[in-house]
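The chains referred to below are lettered A, B, ... by the order of the sequence lines, with proteins before strands, and numbering in each begins at 1.
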Protein chains: 2
Amino acid sequence: MSHISAGVEYGIHCLLYLTPTFNQRREASVRDLAELQGVPHEFLAKLFTKLAKAGLLVASEGARGGFALARPAADITVLDIVDAIDGQKSLFDCREIRSRCAIFDPENPPAWSSRGVCSIHSVMLSAQQRMREELALWTLADLAARTTEKAPASYPATVIRWLDGRGPARGA
Amino acid sequence: MSHISAGVEYGIHCLLYLTPTFNQRREASVRDLAELQGVPHEFLAKLFTKLAKAGLLVASEGARGGFALARPAADITVLDIVDAIDGQKSLFDCREIRSRCAIFDPENPPAWSSRGVCSIHSVMLSAQQRMREELALWTLADLAARTTEKAPASYPATVIRWLDGRGPARGA
DNA sequence: GGAAATCTACTCGGATACCGCGTGTCCGAGTTATGGTGG
DNA sequence: CCACCATAACTCGGACACGCGGTATCCGAGTAGATTTCC
């Protein structure tokens, strides 16, 4: 199991299609996005709810409702998305082994043994900090640009047409 | 669940007591170390086996056997230990969502869609690389030094006495 | 007193049980645009 | 023609089943030093 969940992957992929590159009206329903990306739409709904609570998305309810980016794609970092979906979970959780040393009185370990941050824990925290710094360097706009780099020039227009062809009126 | 397992935490804590700071003869049994640190010794045995296979520890079998560091503590990094115990697991596993796009033929997605590394995956890989770089900066010797910094000057000697008082002859 | 046999303590490896969490699914409630109906 | 009502489509939130992997435990086998026994 990986530290950064599949939910984050699903979320980012779908968020890309809310950027102006692929979606001028900047709003789409969860179902359309999920089907476009081939991910379970009920699962994606949960993810988008989290993203909305974190202030990255705004939801409009009711028929013809959907989600849109709450701010420019260049102001949404990968770290924002990871934190919103995975909830700032830490890379390592310290169990305070240092205070379990058999030499100590189990009921009353000395104060110095648990003073400050455990040295092992502090190494893990700095590693986590490095990871977060890197994630904060990249924005949705960067990822959208890299995606269109590889794809043929006609791809964004095809996506837009596909999205416009959906919706409640598709049966009529 | 955290990405860096409890096994790594147990392992590092116990490895610290194989450094010259705490253990001049540089060898100790799994059971003694486990009881000293208050961790399950059968679980620790598995971890030490992994560390030995990775070349960080050397085992001597038989009665009075035990483990010792295979090289100086200053040459064993936290990254070495993490890789040995957790097995180089990646921070993120890409599911190639990009080739699932509903616009493509599901049986035959276009080649450009999966050319090179997924842009999202590459961000995660660089974040992981940053994390590993930080873990590689710290060695067992650093951690041992930081531990003795906080502890009273008498602590290492107390640990040594405790370890020496153990072993098969402790009943006699 | 010395050699052989036994004992003890340790490593090594596999098998297995438990449990938490990520993943995925289902369902009911609330909200709003759309289309139809009646005055 | 306009106001009203029913319907459809969507978000929101909780509940729950499933499976995987980390954690922990147990057991048998092999090895080597220590102890005891026997010649």
For this session: State whether the number of non-hydrogen atoms from other residues, nucleotides or ligands found under 6.0 Å of Lys53(B) atom NZ is greater than 12.
Result: no
Exercise. Which heavy atom of Gly7(A) sits nearest a heavy atom of Ile85(A), and at what distance?
Worked result: O-CD1, 3.8 Å
For this session: Provide, to the nearest angstrom, the distance between the CG atom belonging to Leu51(B) and the C1' atom belonging to dG13(C).
Result: 16 Å
Problem set entry | Touch class at under 4.0 angstrom, heavy-atom based, for Phe48(B) against every strand present | nothing
For this session: Over all heavy atoms of both residues, which pair between Asp32(B) and Leu163(B) is shortest? Give the atoms and the distance, please.
Result: CB-CD2, 4.1 Å
Problem set entry | Derivation of the side-chain contact (heavy atoms from CB on, under 4.5 Å) call for Met124(A) and Ile12(B) | CA-CA 12 Å; Met124(A) 302 305 180; Ile12(B) 296 180; 4.1 Å; yes
Exercise. For the pair made of CD in Glu61(B) and P in dC12(C), what is the distance, rounded to whole Å?
Worked result: 6 Å
Exercise. Which class fits the ring pair Phe92(A) and His121(A): parallel under 30°, tilted 30 to 60°, perpendicular over 60°?
Worked result: tilted
Can you name the atoms? Protein N/O to nucleotides 34-37 of chain D N/O, anything below 3.5 Å, with the distance.
none

Seminar exercise, completed: Output for pair (Lys150(A) NZ, Ser113(B) OG), nearest 0.5 Å, gives 9.5 Å
For this session: Classify the nucleic acid contact of Lys53(A) as base, sugar-phosphate or nothing, counting any heavy atom under 4.0 Å across all strands shown.
Result: sugar-phosphate
Exercise. Which whole-number value in Å describes the distance from Leu44(B) CG to dT11(C) P?
Worked result: 9 Å
Problem set entry | Candidate pair Arg98(A) and Glu96(A), rule salt bridge (Lys or Arg N to Asp or Glu O under 4.0 Å), full reasoning | CA-CA 5 Å; Arg98(A) 56 184 180 169; Glu96(A) 290 296 330; 2.8 Å; yes
Seminar exercise, completed: Assert: residue with more 5' nearest nucleotide on DNA chain D, out of Gly62(B) and Gly65(A), is Gly65(A)
Exercise. For the ring pair (Phe, Tyr, Trp, His ring centres under 6.0 Å) test, which of Trp162(B), Phe67(B), Phe22(B) pairs with Tyr17(B)?
Worked result: Phe22(B)
Exercise. Over how many whole Å does the gap from Leu57(A) atom CG to dC12(D) atom C1' extend?
Worked result: 14 Å
For this session: Write down the distance between CD1 (Ile85(A)) and C1' (dC21(C)), rounded to a whole number of angstrom.
Result: 16 Å
Problem set entry | Whole-Å distance separating the CG atom of Asp32(A) from the C1' atom of dC10(D) | 11 Å
Could you write out each protein N or O paired with an N or O of nucleotides 16-23 of chain D at a distance under 3.5 Å?
residue	atom	partner	partner atom	Å
dT23(D)	OP1	Ala6(B)	N	2.7

Problem set entry | Nearest non-hydrogen partners of Ser90(B) and Gln128(B), listed with the distance | CA-OE1, 3.4 Å
Exercise. Taking CD from Glu9(B) and P from dA24(D), how many angstroms apart are they, rounded to a whole number?
Worked result: 10 Å
Problem set entry | Distance, rounded to the nearest Å, where Leu47(B) contributes CG and dA24(D) contributes C1' | 11 Å
